[in-house]
S.K.: 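Take a look at the following structure, please.
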Amino acid sequence: MKKLFTGVFLSVFLAACVNQSTPEQSLYDALGQYEGITNITHQLILNIAKDERVKHRYKGVNMSKFKKGMSDYVCAVTGGPCEYTGDNMKLVHAGHNYTNTEFNAIVDDLILAMEQCNIPVTTQNRLLAKLAPTYKDVVYQ
């Protein structure tokens, strides 16, 4: 009887341990913190430069400023220690009349950048979910 009780107790205890969920890694950490975010942004810039659908939109843009601003913005929205001090997304994109196609091209370029930086798909989706609400501030159609 003692062996049966010990076996049942041990089984229940082990099952409880297995069912405990580990806290999800913060999105900021999952992206590799600021260094990882900067690497993704750098790769995004390289992808945009080759993308016939949108590269013309970036002629004359200060890419160092863009890289810093984008990295700080992503850092801030993913729970990192950064404070984004740039203009809000509506003001940044005002008057540019970006199309749905251009917006989707940039999203494609970002996804490709994350793939090139070996970011898991679940982490990519978490970032895209954070950035998706800015759609209304970027596309004016």
S.K.: Can you check whether Arg57 reaches Glu102 side chain to side chain, under 4.5 Å on heavy atoms?
M.R.: yes

S.K.: Look up atom CG in Leu31 and atom CD1 in Ile119, then write down how far apart they are to the nearest 0.5 Å.
M.R.: 5.5 Å

S.K.: With sequence neighbours left out, what residues match Tyr84 under ring-ring contact (aromatic ring centres under 6.0 Å, His included)?
M.R.: Tyr73

S.K.: Would you give the length of the straight line joining atom CG of Leu44 to atom CG of Asp109, rounded to the nearest 0.5 angstrom?
M.R.: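 Reported to 0.5 Å precision, the distance equals 6.5 Å.
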
S.K.: Just by modelled atom types, is the Lys68 backbone N or O under 3.5 Å from a matching donor or acceptor in the Ser71 side chain?
M.R.: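 Side chain of Ser71 to backbone of Lys68: no pair is present.
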
S.K.: Please enumerate all residues that pass salt bridge (Lys or Arg N to Asp or Glu O under 4.0 Å) together with Glu35, with sequence neighbours excluded.
M.R.: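 Glu35 satisfies salt bridge (Lys or Arg N to Asp or Glu O under 4.0 Å) with no residue once adjacent residues are dropped.
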
S.K.: Testing the basics here: between Tyr28 and Gly79, what is the closest heavy-atom pair and its distance to 0.1 Å?
M.R.: CB-C, 4.1 Å

S.K.: How far apart are the C-alpha atoms of Asp72 and Thr85, what are their side-chain angles, what is the distance that settles it, and do they pass the side chain to side chain contact (heavy atoms under 4.5 Å, CB included) test?
M.R.: CA-CA 8 Å; Asp72 287 352; Thr85 58; 5.6 Å; no

S.K.: Under the ring pair (Phe, Tyr, Trp, His ring centres under 6.0 Å) rule, what pairs show up with a residue in residues 100-131, not counting sequence neighbours?
M.R.: Phe103-Tyr135

S.K.: Would a hydrophobic clustering, with Ile, Leu, Val, Met, Phe, Trp and Tyr connected at side-chain separations under 4.5 Å, put Val139 with Ile106?
M.R.: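 Yes.
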
S.K.: From Ile40 CD1 over to Leu127 CG, what is the distance, rounded to the nearest 0.5 angstrom?
M.R.: 7.0 Å

S.K.: Would you say the side chains of Ser26 and Asp29 form a donor-acceptor pair under 3.5 Å?
M.R.: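 The criterion, which ignores hydrogens and geometry beyond distance, is satisfied for Asp29 and Ser26.
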
S.K.: Test side chain to side chain contact (heavy atoms under 4.5 Å, CB included) on Met114 and Leu110; report intermediate values, then the result.
M.R.: CA-CA 6 Å; Met114 289 189 287; Leu110 175 59; 4.0 Å; yes

S.K.: By side-chain hydrogen bond (donor to acceptor under 3.5 Å, both in side chains), which residues pair with Asp108, not counting sequence neighbours?
M.R.: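 Once residues adjacent in sequence are excluded, the partners of Asp108 under the side-chain hydrogen bond (donor to acceptor under 3.5 Å, both in side chains) criterion are Arg53.
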
S.K.: Taking a hydrophobic cluster as the set of Ile, Leu, Val, Met, Phe, Trp and Tyr residues connected by side-chain heavy atoms closer than 4.5 Å, whether directly or through intermediates, do Leu112 and Met63 fall within one such cluster?
M.R.: no

S.K.: Within the structure provided, determine whether Tyr98 and Val54 are in side-chain contact (heavy-atom separation under 4.5 Å).
M.R.: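 No - every pair of side-chain heavy atoms lies 4.5 Å or more apart.
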
S.K.: Kindly state each residue pair satisfying ring pair (Phe, Tyr, Trp, His ring centres under 6.0 Å) with at least one member in residues 35-66, sequence neighbours excluded.
M.R.: Tyr58-Phe66

S.K.: Rounded to the nearest 0.5 Å, how far does SG of Cys75 lie from CD1 of Ile37?
M.R.: 5.0 Å

S.K.: Any pair with a residue in residues 110-119 that passes side-chain hydrogen bond (donor to acceptor under 3.5 Å, both in side chains), sequence neighbours left out, goes on the list, sorted by first then second residue, please.
M.R.: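 Matches after skipping sequence neighbours: Gln43-Gln116, Asn47-Gln116.
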
S.K.: To the nearest 0.5 Å, tell me how far Lys67 NZ sits from Ile45 CD1.
M.R.: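 So the NZ of Lys67 and the CD1 of Ile45 are separated by 6.0 Å.
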
S.K.: Mark yes when over 12 heavy atoms from residues, nucleotides or ligands other than Lys130 sit less than 6.0 Å from its NZ; otherwise mark no.
M.R.: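 It does not: Lys130 NZ has 12 such atoms or fewer within range.
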
S.K.: Hydrophobic clustering (ILVMFWY, side-chain heavy atoms < 4.5 Å, transitive) - are Leu46 and Val61 grouped together?
M.R.: no

S.K.: Which heavy-atom pair separates Ile111 from Gln124 by the least distance, and what is that distance?
M.R.: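 Scanning both residues, the minimum pair turns out to be CG2-OE1, 3.5 Å.
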
